[in-house]
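As structure tokens, the structure follows; a few thoughts come after it.
These figures come from a predicted structure and were not determined experimentally.
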Amino acid sequence: MKLCIAEKPSVARDIAKVLGATTPKSGYMEGNGYCVTWTFGHLCTLKEPHDYASHYKSWDLIFLPIIPKQFGIKLIDNNGVEKQFNTIAKLVSECDEVINCGDAGQEGELIQRWVLQKAKCDKPMKRLWISSLTEDAIKEGFENLKPADDYKNLYLAGNARAIGDWLLGINATRLFTKKFGGNKGVLSIGRVQTPTLAMLVQRQKEIDAFTQEEYWELKTKYRDVLFSASIDRLKTLEKAEKGLEYLKKNEFEIVSFEIKEGKEKNPRLFDLTGLQVEANKKYGFSAEQTLNYIQSLYEKKHTTYPRVDTTYLSESLYPKIPGILTSMTIYSEFTAPLLTQPIPKTKAVFDDNKVTDHHAIIPTEIPPSSNLSREEKLVYDLVARRFIAVFYPECKISNTLVEGQVGTIPFKASGKQILEPGWRIIYAKDKKDQSEKDEKDKDEEQTIPEFVVGEKGDHEPLIHQGKTSPPKPYTEATLLRAMETAGKQVEDEELREMLKNNGIGRPSTRANIIETLFKRKYIEKKRKNLIATQTGIELIDTIEDELLKSPELTGEWESKLRKIEKGEYEANLFKEELIEMVTTLTQKVINGKAKVINFEEEKPAPKEKKPREKTEIIWEETGCPKCKTNNLMKGKTAIGCSDYKGCGFKVPFEIFGKKLSDKQLQDLILKSKTSKLKGFTGDREEGVLILNDDFSIGFK
């Protein structure tokens, strides 16, 4: 029997259908010589500090740094996880061969390998590696199964990443919390999270330190074209008025007229970051929302694997392009002209040397159904239009530059006209966002008539008054780009492609990093802008070690992780470097001066007559009120401490015959009492549930 292990039940069902394993069993499907089972994301995790020694339950500086001699893994403490793992372990022991059908990326490889390691798998292993979940792609994948050893370095990189994040996150978070938290809360430090916050804080400080200044510019209108003086901005109105008087006394003369025809390159296909940037700019979607929408489209078989960092396609995909374009019937007005001739095969689109684990995000041959959500339709439209646009001709433009002078003062004007729209026709209906256009862009939109060098004439001089602008706050779009290039401002797409290896975080994790900063109250959103809070600013100011907060240095770590993937760097060496860094950091902070960071306070919600929309509490991020060391977790029948065996704290969903709502559980656990409740059994008709000092549950 061959055992296939997918990363989630829905994918397992798709695989089972193709393989003919159609008989449902408890936790797996069976048939045709196959068993198809699944994880649901992570079943295993790295052991926590207290799993190595009980005294690590205490967040005491004397125990830092915590460096396990050998890192171990354990099952996540959850009844459902344990049940599914036992099913997998049993099937592993009974099978003849294991086929790893996990998510085809670094994290997916890690999830599966940890589970198989925990299940003591010693059976031959193969790897299913596919870029879409269509029936054809799955069939093709099973016809071309890869040796599991081909992906060993991918696992080693994922494991090194997890260990690196553990070493830094566990030690630095405890270190800074105890040294600077003042027992008011946890100060979370992370390998990617902290340098990302540092970028936001740096930008915030630049904005806060900015002093606005007025300036004046000389302009003039000649033959209905607005020219700007090619001199430095004037700092006083007096100088500008003197300049204006001078201009009025002299004629305007054309000294140069030049027209250059050029081309605007086609946009690149989307990688995940590019898609998140575009969706944020156009629709205001957060990085996490876009990831969720494109992941859903992938699982519904409408688009290819989304967690990618390349904008290129494999050369082997070229023969399939006409079929995909043909299937995109709702875009037939754009695809029909392409299909009348051979699809161009350019290195800007097809390049095996630029494809990493997967190719860029493109549509599959399965068009979207009408039951997609509005947001999914918008994201699909972005992917579809970009896919079509890359095969269109380049946009031909005409750039005009005119230089003139009035007396001794030089002037210039420029304009750009589109001669042949080419790929731009795909986006002809898009509205231009004038808020993002600067004065130069507006000037370039002028239609410039034919000028003759030496011609002179009257003109209409004027003074333009302006104010200097502060640096722009980060939006999710610009922050994602900054993370991709380790803080470097890069507009050129080819240069940005080269810098990706040194970006901070991975495309699949950046959205989560941004969300974590929100949850920790280190940043907040004002309209589209991301603003560092006072807590976030103070935390970064407290961190003196550049290694913790430098995007460039974190980018170097990311580069080493990628080299581990390629077999060019030792995973153990990466771990040793981090151990050395954590040890040095610990001693430096412990011996340094202490101060207390102010935590962002929750603003009281305004009282409303109508009930407010309830927000779901994330128990896994809520501290246990009893041991104050571990977080809580939600089980099938109760909320309890994640270290229940050691701590013992538990609140059942049903108390004295009454099933509590989420809000009532929150009140009882977080406020130690509920409001007055009814519906209890026995002699208790109504009353208040309380959490006693010994953490037992009382009634009054």
Check your understanding: Is there a side-chain contact between Lys549 and Met199 (heavy atoms, below 4.5 Å)?
Key -> no
Point to revise | Flag if over 12 foreign heavy atoms under 6.0 Å of NZ, Lys563 | key: no
Review point. Any side-chain heavy-atom pair from Tyr474 and Ile531 closer than 4.5 angstrom?
Key: no
Exercise for review: Classify the angle between the aromatic ring planes of Phe176 and Phe180 as parallel (below 30°), tilted (30 to 60°) or perpendicular (above 60°).
Suggested key: tilted
Check your understanding: Does the side chain of Leu269 reach to within under 4.5 Å of the side chain of Ile361, using non-hydrogen atoms?
Key -> no
Check your understanding: Among side-chain atoms of Glu552 and Ser550, is any donor-acceptor pair under 3.5 angstrom?
Key -> yes
Practice item. Could you pull out the closest heavy-atom pair between Ile67 and Asn171, with the gap in Å? Key: CD1-ND2, 4.5 Å
Check your understanding: When you measure from the side chain of Glu7 to the backbone N and O of Asp103, does any donor-acceptor pair fall under 3.5 Å?
Key -> yes
Practice item. Apply the test side-chain contact (heavy atoms from CB on, under 4.5 Å) to residues Ile294 and Phe270: give CA-CA distance (whole Å), side-chain angles for both, the deciding distance (0.1 Å), then the verdict. Key: CA-CA 11 Å; Ile294 192 65; Phe270 283 126; over 6 Å; no
Point to revise | Salt-bridge contact Glu558-Arg191 (side-chain N to carboxylate O under 4.0 Å) | key: yes
Practice item. For Glu515, look at atom CD and say whether over 12 heavy atoms of other residues, nucleotides or ligands are found less than 6.0 Å away. Key: yes
Check your understanding: Should Lys8 and Glu299 count as an ion pair when the cut-off is N to O under 4.0 Å?
Key -> yes
Point to revise | Lys235 NZ: over 12 foreign heavy atoms closer than 6.0 Å | key: no
Check your understanding: Taking atom types as modelled, is there a side-chain donor on Ser314 or His359 under 3.5 Å from an acceptor on the other?
Key -> no
Exercise for review: Specify the closest pair of heavy atoms between Tyr56 and Arg174, including all atoms of both residues, with the distance to one decimal.
Suggested key: O-NH1, 2.7 Å
Exercise for review: Going by the salt bridge (charged side-chain N to carboxylate O under 4.0 Å, His left out) test, name the single residue among Lys152, Arg161, Lys560, Arg506 that passes it with Glu565.
Suggested key: Arg506
Exercise for review: Flag yes if more than 12 heavy atoms outside Lys347 fall under 6.0 Å of its NZ atom; otherwise flag no.
Suggested key: yes
**Study point:** Within 6.0 angstrom of Asn591 CG, more than 12 heavy atoms from elsewhere
**Key:** yes
Review point. Please walk me through it: do Glu376 and Ser296 pass side-chain hydrogen bond (donor to acceptor under 3.5 Å, both in side chains)?
Key: CA-CA 8 Å; Glu376 287 172 342; Ser296 175; 2.6 Å; yes
Check your understanding: So which heavy atom on Leu317 is nearest to which on Leu313, and how close?
Key -> CD1-CD2, 4.1 Å
Check your understanding: Between Thr173 and Leu187, which heavy-atom pair has the shortest distance, and what is it?
Key -> CG2-O, 3.3 Å
Study note, to complete from the structure: Scanning both residues in full, the closest heavy-atom pair of Tyr298 with Ser132 reads CE1-CA, 3.8 Å
Check your understanding: Are Asp271 and Thr310 side-chain neighbours, meaning at least one heavy-atom pair lies under 4.5 Å?
Key -> no
Review point. Measuring from Tyr155:OH to Gln106:CD, what's the distance to the nearest 0.5 Å?
Key: 11.5 Å
Review point. Val379 versus Leu297: any side-chain heavy-atom pair under 4.5 Å?
Key: yes
**Study point:** Lys/Arg N to Asp/Glu carboxylate O, Asp60 vs Lys178, below 4.0 Å
**Key:** no
Review point. If you measure only the distance, is there a donor-acceptor pair under 3.5 Å linking the side chains of Ser508 and Glu107?
Key: no
Check your understanding: When you look at Tyr293 and Phe285, which way does the ring pair (Phe, Tyr, Trp, His ring centres under 6.0 Å) test go after all the steps?
Key -> CA-CA 10 Å; Tyr293 300 144; Phe285 295 162; 5.2 Å; yes
Practice item. Would you tell me whether Glu524 and Thr533 have side-chain atoms, one donor and one acceptor, within less than 3.5 Å of each other? Key: no
Practice item. Show your working on side-chain contact (heavy atoms from CB on, under 4.5 Å) between Trp423 and Glu264 and close with a plain yes or no. Key: CA-CA 9 Å; Trp423 61 266; Glu264 281 189 352; 4.0 Å; yes
Exercise for review: Sequence neighbours left out, what pairs pass salt bridge (charged side-chain N to carboxylate O under 4.0 Å, His left out) with at least one residue falling in residues 62-74?
Suggested key: Glu48-Lys74, Asp51-Lys74
**Study point:** ring pair (Phe, Tyr, Trp, His ring centres under 6.0 Å) between Tyr151 and Trp129, intermediate numbers included
**Key:** CA-CA 10 Å; Tyr151 300 92; Trp129 196 266; 4.5 Å; yes
Check your understanding: Does the side chain of Ile537 reach to within under 4.5 Å of the side chain of Lys205, using non-hydrogen atoms?
Key -> yes
Check your understanding: Should Lys146 and Asp150 be marked as a salt bridge (Lys or Arg N to Asp or Glu O under 4.0 Å) after you check the CA-CA gap, both sets of side-chain angles, and the distance that decides it?
Key -> CA-CA 7 Å; Lys146 311 291 185 186; Asp150 287 4; over 6 Å; no
Exercise for review: Using a cut-off of 6.0 Å, state whether more than 12 heavy atoms not belonging to Gln212 lie near its atom CD.
Suggested key: yes
Review point. Hey, are the side chains of Ile76 and Cys44 touching, using non-hydrogen atoms and a 4.5 Å cut-off?
Key: no
Practice item. Could you check Tyr305 against Arg307 for side-chain contact (heavy atoms from CB on, under 4.5 Å), going step by step and ending with a plain yes or no? Key: CA-CA 6 Å; Tyr305 185 73; Arg307 298 164 189 263; 3.8 Å; yes
Practice item. Rounded to the nearest 0.5 Å, what's the gap from CD1 on Ile523 to OG1 on Thr535? Could you check? Key: 12.5 Å
Exercise for review: Side-chain contact test, heavy atoms from C-beta onward, threshold under 4.5 Å: evaluate it for Trp166 versus Thr45 and give yes or no.
Suggested key: no
Revision key, fill the gap. Of all heavy-atom pairs linking Ile504 and Gly555, the shortest is CG2-N, 3.6 Å
Point to revise | CD1-CG distance between Ile111 and Leu43, expressed to the nearest 0.5 angstrom | key: 8.5 Å
Exercise for review: Let me see the working for Glu484 and Arg481 under salt bridge (Lys or Arg N to Asp or Glu O under 4.0 Å), right down to the final yes or no.
Suggested key: CA-CA 5 Å; Glu484 186 180 53; Arg481 283 299 187 208; 2.8 Å; yes
Review point. Among Ile513, Thr509, Thr478, which one satisfies side-chain contact (heavy atoms from CB on, under 4.5 Å) with Met483?
Key: Ile513
Review point. Can you tell me how far the CE atom of Met581 sits from the OG1 atom of Thr584, to the nearest 0.5 Å?
Key: 9.0 Å
Check your understanding: NZ of Lys47 to CD1 of Ile73: how many Å apart, nearest 0.5 Å?
Key -> 9.0 Å
Review point. Just checking, any donor-acceptor pair under 3.5 angstrom between side chains of Thr273 and Arg510?
Key: yes
Review point. Charged N to carboxylate O under 4.0 angstrom, Glu476 versus Lys528?
Key: no
Practice item. Start with the C-alpha gap between Arg113 and Glu109, add the side-chain angles, then the distance that decides, and say whether salt bridge (Lys or Arg N to Asp or Glu O under 4.0 Å) holds. Key: CA-CA 6 Å; Arg113 296 261 187 160; Glu109 191 69 19; 2.8 Å; yes
Check your understanding: If you measure only the distance, is there a donor-acceptor pair under 3.5 Å linking the side chains of Asn353 and Tyr312?
Key -> no
Check your understanding: Can you tell me how far CG of Leu548 sits from CD1 of Ile543, rounded to the nearest 0.5 angstrom?
Key -> 5.5 Å
Check your understanding: Do other residues, nucleotides or ligands put more than 12 heavy atoms under 6.0 Å from Gln117 CD?
Key -> yes
Review point. Would you find a donor on one side and an acceptor on the other, under 3.5 Å apart, between the side chain of Thr554 and the backbone of Val192?
Key: no
